[in-house]
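Presented below is the structure to which this report refers.
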There are 2 protein chains.
Amino acid sequence: MPTTTQQRTTILEVAREARASKTSVSRYFSEERERLSPDMQTRIAAAAQRLGYRPNRMASGLKGGRSRLIGMLVADIRNPFSVAVMHGVEQACRERGLSLMVCNTDNDPAQEREHLALLASYRVEGLVINAVGSPDRELQALVEQGTPLVLLERELGEVEAEVVGLDNVRALDMALNHLQAQGYGELLYLSEPPEQASPRQTRLTRFHQGIAARGLAGEVHCRPLGDTEALHHAIGDFVARPSTVPRAVLCANGNATLAATRALRALGARLGEVGLLGIDELDWCELVGPGITTLAQPTEAIGRAAVECLMRRREGGGERIAPARRVHFQASLIPRGSTRR
Amino acid sequence: MPTTTQQRTTILEVAREARASKTSVSRYFSEERERLSPDMQTRIAAAAQRLGYRPNRMASGLKGGRSRLIGMLVADIRNPFSVAVMHGVEQACRERGLSLMVCNTDNDPAQEREHLALLASYRVEGLVINAVGSPDRELQALVEQGTPLVLLERELGEVEAEVVGLDNVRALDMALNHLQAQGYGELLYLSEPPEQASPRQTRLTRFHQGIAARGLAGEVHCRPLGDTEALHHAIGDFVARPSTVPRAVLCANGNATLAATRALRALGARLGEVGLLGIDELDWCELVGPGITTLAQPTEAIGRAAVECLMRRREGGGERIAPARRVHFQASLIPRGSTRR
DNA sequence: ATCTACGATGGGAACGGTTCCATTTGTAGA
DNA sequence: TCTACAAATGGAACCGTTCCCATCGTAGAT
C-alpha cells in the first residue's frame, strides 16, 4: 500500500500543460505578467488553475527572485504593545500583497542574532526590528546585502536605518503636565533598567529634566520587574513616607504599570489618593479600581509606518541618499480615576 | 561608487578554506557529522567560523532536504491565550533546533487559506493550526504532501490530524461545581457564537448538560462580543431580574470575560454579589475588584505538546497507523473574590 | 526592398545546497 | 597474501526557480 506522497506541481508541468516555456510561466507569476500576450496569459492561468500550481518559494528565494516576504523581529511577543504594533505591520503588509514572518526573541540577544540570521537566509525583502540587544554586526550584514531595515523605537549604533516610534520627550511632558495639573507633587518613576539608546533611556532622561523644570520632587526605581520584593519595598516606602504633598507613580511601560498596580493593591493603597499613570494603554486599565490613567501609543499607526518606510526604501533602491530618519508619533492621554484625587 | 553588496559565504568557499569537498561540509552541518573524521571536523568548524558561514535554508529546503521550519497559524494574535500557546510552541521548537514561522489570520477564513498556501510553499516540516474556518481542502493537500499537522482545540472535518487542547468537558464541570458550591443557582453563560466542532460548541453543550444534571437554572448569550448593546442588555436583564437565588455569569473565554467585566462595571454590579467566572487566566484578573475567579489553561504545555505531536508524526513517517488522537489537558481553578459572596 | 527596433517567447546557465554513487584507503578475516 | 568490507571522502546530478541572452516575427523608418 504505497503512501500517496503526491508531488506538488512544478513550473515545468504548468508550462507543458499551457504549451508554453517555463520562462513564460515564471513571468506570469512575477511583475512581468503584462509582457505576455493575452492569449498566453489565459492559457497559463487555466493550466495553473487546473493543476493547482503555486510557485515554490524556496526555489524562487534561492535564485535572487523577490520573496514577497517581510520579516519582523519582536523582543517580547507577550507584550501587548508589541502585538498591537505587529498587527499594524501585518495589515500594511497584507494591503501590499506581502506576507509577514514573525520571530520572537524572548528578550534574549543570542536568539536575536539567531533569528536575524534565519530571516536573512530567507531573503526577506524588508525587516521590522524591535531589538533587545545590539546585533550590529548582523544588521550591518543585512544592510550591505541590500535589505531595508526599520527599527522600532530603538536606534542602534552605526546601523543605517530608519527609526519609527513614539515621541518620547513629548509623551513624558504630557504625563508630567497632567500629574502636576492634578496636584501631584512627588513622583516615583518606575521603569525596567534602561539599556543604551533605548526608549527607556530617553524617557528616563526626560523625566529628570521634566521634574527639574517644573519644580517637582521625584525619584526613580529602575530594577527588573521580576524582583517583586524590591519593587514592593520601593513603592511601600514611597507611599508611607510622611509628606503633605500628594504622590503619584509614573510607569514607563505596560509591564511597569502591571507591576505597580499589583504592588499598590498589595499595599492597600487607594488609586487616585496615590496617583498612577502608565505609558501604554491596555485592555484592563479602565477596569481596575477607578480606572488607570494612561498615555496611549498609536500602535497600529506605528506598525503601518514601519512598513511604509520599508517600501520607500526599497523603491529608493541603491540610493544611499536618504539619511536615516526618525518618524515620531504622538501619544494621547486617557485620563481616568487613578489621577483624580 | 559601487554598492558593496557583499555576498554571503557559500558552502563552496568553506570547502575550499577547509580543504574539503562541499559534500563533507554539507555533512558536517547535517545529522551525519559523526561520519567525518575528527580532523576533518575541526578543519570545517574552523573554516566556517572564520568565514562566518551559515547554511542557506532556502537552498537546503529545495533539494528534498529538511527545512527545519515549523509553521503556525494563529486565528487571533491579539488573544493572550493564543500568544501564550505560541510561546510554548516556540520554546519547544527552539529546543529542537527548529525555527518557527507565525502567521496571523485575523479571524478571516480567506486569509487563513492564503497563509496556509504560503506556509505550504515554504515546505514547512510541520504545522500547528488554530483555525477559524474550515480550510479542509488546503489541509488535505498538506496532509497528502506529507506534512504533519496538529490542530489546536478544534477538530476539522475529514482531516486526519491530532488535536491538542483543553479537556473542555471537565473544565466546564469544574466551573459549574465551583459556582454551585459557592451558592450560585442561576447562571448566564456568555460565549461568542460557536461554530461547528469548535471548543465553544463543546463547552456550550456541556454547560447545558451540566446545569440540567445539577438542577441549576441557566441561560445563554451567544452573540458577537462586538455587539456591546445586546450584551449589556442581556447582562442587565439577568442581574436586575427579581429572584432569591444568587446569580453568576460564566464566560467561555478571555474575550468574554473582558466584555462581561466591562458590562458589569457599567451596570454598577458588585463582583461576588453577582458571581463571575472566566475560562482563561489573564494578567489582570487578580486586579479587578475582589479579583476574578478563572479557570487557567496550561498554555505552555499545550504549545509544547503540539510540537511533540508533530515530531512524533514525523518520526512515524509514512506510517498511517497512528490514528488521529486527542491530547487533553486539565484546567486549574483559581478562586478569587468574584465568586465569593 | 532592406534595415532597425521592439515585442513575444524560449533555451539554458546559475542559485546553494543535498544525496546517490564511486573511489580511495585501512584493516580484519580467510 | 588475498579478499572483503567498512569508513572517509569526493564528483556530479538534481531540486524548482529566475534571469540573461538568443530567436523570430513584424511594423515603421530609410
Side-chain angles (χ1 to χ4, degrees), chain A residues 5-44 47-48 51-69 117-118 120-123 125 145-146, chain B residues 5-44 47-48 51-69 117-118 120-123 125 145-146:
Chain A
T5 305
Q6 186 181 314
Q7 285 295 348
R8 263 175 98 69
T9 42
T10 80
I11 203 173
L12 208 60
E13 304 177 75
V14 177
R16 256 196 296 272
E17 178 88 4
R19 285 163 293 120
S21 72
K22 58 195 177 107
T23 306
S24 297
V25 179
S26 172
R27 289 208 173 98
Y28 179 83
F29 286 101
S30 76
E31 258 81 83
E32 312 182 67
R33 181 178 300 188
E34 311 78 34
R35 282 181 50 177
L36 269 43
S37 68
D39 174 51
M40 175 73 85
Q41 289 192 31
T42 52
R43 257 159 46 220
I44 295 178
L51 273 54
Y53 171 71
R54 300 203 121 254
N56 181 332
R57 299 288 186 162
M58 288 276 168
S60 61
L62 187 54
K63 178 66 188 183
R66 302 283 96 214
S67 61
R68 308 299 295 156
L69 192 63
L118 177 80
S121 83
Y122 279 107
R123 290 270 164 81
E125 293 187 45
Q145 191 186 306
Chain B
T5 306
Q6 185 180 315
Q7 284 297 345
R8 266 174 94 71
T9 40
T10 79
I11 202 173
L12 207 60
E13 305 177 74
V14 178
R16 255 197 297 270
E17 178 86 5
R19 284 163 294 121
S21 72
K22 54 187 196 140
T23 306
S24 296
V25 179
S26 171
R27 289 207 174 101
Y28 180 83
F29 285 100
S30 75
E31 257 81 81
E32 311 181 72
R33 180 177 300 186
E34 309 78 32
R35 283 183 48 178
L36 271 44
S37 68
D39 174 51
M40 173 73 85
Q41 289 192 31
T42 52
R43 256 157 50 218
I44 295 179
L51 273 54
Y53 170 73
R54 307 199 112 258
N56 181 330
R57 301 290 191 150
M58 287 275 166
S60 57
L62 191 52
K63 170 75 183 186
R66 306 283 98 213
S67 63
R68 309 299 295 156
L69 192 63
L118 177 80
S121 80
Y122 277 105
R123 294 277 156 80
E125 290 187 49
Q145 191 187 304

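Only heavy atoms go into these numbers, but all of them, side chains included; no hydrogens, no water, no symmetry mates. Within every chain, numbering begins at 1; the chains are lettered A, B, ... in the order of the sequence lines, protein sequences first and strands thereafter.
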note: A:Ile44, atom CD1; D:dT17, atom P; distance rounded to Å ~ 13 Å
**Prompt:** Can you find a donor-acceptor pair, distance only, under 3.5 Å between B:Thr10 side chain and C:dG17 base?
**Reply:** no
Review point. Is any side-chain heavy atom of B:Leu51 closer than 4.5 Å to a side-chain heavy atom of B:Glu17?
Key: yes
### Query
B:Met58 near the nucleic acid: base, sugar-phosphate alone, or nothing, with a heavy-atom cut-off under 4.0 Å?
nothing
Rounded to whole Å, CG of A:Leu69 lies from P of D:dT17 at a distance of 17 Å
### Query
Ignoring hydrogens and angles, are the base of C:dG7 and the side chain of A:Ser37 linked by a donor-acceptor pair under 3.5 Å?
no
note: A:Glu31, atom CD; D:dC19, atom P; distance rounded to Å ~ 10 Å
Taken to the nearest whole Å, CZ/A:Arg35 to P/C:dG10 is 13 Å
Mark yes or no for a side-chain to base donor-acceptor pair under 3.5 Å between A:Thr23 and D:dC19, with no hydrogen or angle criteria applied. yes
*asked:* If the cut-off is 4.0 Å, is B:Ser21 near the phosphate of D:dG10, judged by side-chain N/O to OP1 or OP2?
replied: yes
Report yes or no: is there a donor-acceptor pair, N or O only, under 3.5 Å between the side chain of B:Lys22 and the base of C:dG17? yes
Result for 5'-nearest mapping on DNA chain C, choosing between B:Ile11 and A:Arg19, is A:Arg19
Can you say whether a donor on the side chain of A:Arg27 sits under 3.5 Å from an acceptor on the base of C:dG10, or the other way round? yes
In terms of heavy-atom contacts, A:Asn56 and B:Ser121 come closest through OD1-O, 3.6 Å
Is it true that a side-chain atom of A:Arg43 and a backbone atom of A:Ala18 form a donor plus acceptor pair closer than 3.5 Å?
yes
Sugar-phosphate only, base, or nothing, as touched by B:Tyr53 at under 4.0 Å among non-hydrogen atoms: sugar-phosphate
